[in-house]
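Scroll down for the structure; my scribbles are underneath it.
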There are 2 protein chains.
Amino acid sequence: MVKAGRKSRAPGRSGAAPTRDRIVDAAIETLKSHGFAGASAREIARTGGFHPALIFYHFGSISDLLLAALGETSSRRMESYRAEVEQARTLPELVEAAARIYREDLESGHIKVLAELIAASSSFPEMGPRISELVEPWETFARETIERALAGSPLAALLPPDELAHAVVALYLGMELLTHLDRDRSGVQALFQRASTLAPVLSALLPGAPERGDPR
Amino acid sequence: MVKAGRKSRAPGRSGAAPTRDRIVDAAIETLKSHGFAGASAREIARTGGFHPALIFYHFGSISDLLLAALGETSSRRMESYRAEVEQARTLPELVEAAARIYREDLESGHIKVLAELIAASSSFPEMGPRISELVEPWETFARETIERALAGSPLAALLPPDELAHAVVALYLGMELLTHLDRDRSGVQALFQRASTLAPVLSALLPGAPERGDPR
DNA sequence: GTCTATACTTGGATAGAC
DNA sequence: GTCTATCCAAGTATAGAC
């Protein structure tokens, strides 16, 4: 159900559910449930119900599979993000959307996959550059969203969108990790709550920012 | 409680450089250089020049050693932090101190140890609560610092120090991970640069905040 | 009481079977 | 062309030597 439905580009027949996709799905699932350290070939294979060695045949190594898994979940998630964020025009709406997205992500575990691999790249520096490539679209996305929200506002000069975008990505990442630490979401929820209280105030102070729903 | 006294409370004589301390130091060093995944008993032992099994004799398990290592580096670091931050009274000074501290930490690798273990706790949930205990002092420290900086300011009502503290810790953590990803500090440096540009402005807008050294 | 040799388990990866 | 049985390295932890 969650499949991109493209033709199998690697060995495999082009019908039904290519093994390759099954492996990627199993890897995502395993990363969510067991983390990076628990995402061994054997565990992934157990999750997906196939033989461990299939991973090496199709991907060459665990790292390559995990990177592919991140790429897959990342692009799937990007679609949802875009859809939700495009709806939001005012700053309050944007904050609302961000909170909703974050909650969804936390529950579905998509951010976790990203956080796991970013954290893991400390131990495996050779993965760094490739993960970096997969993070970049997120920074770009954040920057574009911020640019739209601050368009015409004097704040854009004080807080350049690209720097803000970097900070937002870092903040999301840090929150994800801290949240999983004690399985307590209250800290993050409080932050979003605060942000949604503050957003209208800030919005009122920024005459240049788009305020679609404002009956002027 | 992890450890407190200088006297070896576990087996060991109380003279010179107890094995226990050598092991902790080796663990810290290994976490910095090889990350969590690379911090195996064998690797730590190789770093410290002792037999791997000593770890199990003195600490019982790798996890327990790693937690002890985090506790040690954390309390060492907390001292430096307090010393530097107590100097700062104005907001600009505080930002300056934060940037300096962050740079030191990045170079010495202390934050990395924290980030490694926090990330690792995703894979080993049983470590979560204990790491959480070790993170708490940092949130408290951040909160107290923020409280002092915002004392008497109306901003404190809009941005409660405890929520801000949580966000700051998350941001530091996220920045640390992103920085190590591509070994590029420019993003973070830009942020601190921006913060130090903004701090005086913000400070001027907040009449309640303490502004000790303002001779102009 | 302190430390080492060694057992046992799990993991990544390949050589060869269908 | 697709998948499985199997090998070897690395990991944790204990049973026993100094």
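Since the model is a prediction, treat every value here as computed from it, not as a measurement. Labels below follow one simple rule: chain letters A, B, ... track the order of the sequence lines, proteins then strands, and each chain is numbered from 1.
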Separation between CG (A/Leu66) and CE (A/Met127), nearest 0.5 Å, reads 5.5 Å
Side chain of [X] (C-beta onward), nearest among [options]:
X	options	answer
A/Ile62	D/dT4, D/dT12, C/dG12	C/dG12
B/Tyr57	C/dG1, C/dT4, D/dG11	C/dG1
B/His58	C/dC3, D/dT12, D/dA13	C/dC3
A/Arg42	D/dA5, D/dC3, C/dG11	C/dG11

Using a heavy-atom cut-off of 4.0 Å across all strands, would you classify A/Ala53 as base, sugar-phosphate, or nothing?
base
Quick one: label B/Ile55 by what it contacts on the DNA or RNA (base, sugar-phosphate, nothing), any heavy atom closer than 4.0 Å.
nothing
Below the 4.0 Å mark, does C/dT2 have OP1 or OP2 next to a side-chain nitrogen or oxygen of B/Thr19?
no
Taking only N and O in the side chain of A/Ser40, is any of them less than 4.0 Å away from OP1 or OP2 of C/dG11?
yes
Taking NZ, NE, NH1 and NH2 as the nitrogens, is one of them in A/Arg148 or A/Glu144 under 4.0 Å from a carboxylate oxygen of the other?
no
Between D/dT12 (P) and B/Phe56 (CZ): distance, integer Å:
5 Å
Integer-rounded Å distance: D/dG16 P and B/His51 NE2
16 Å
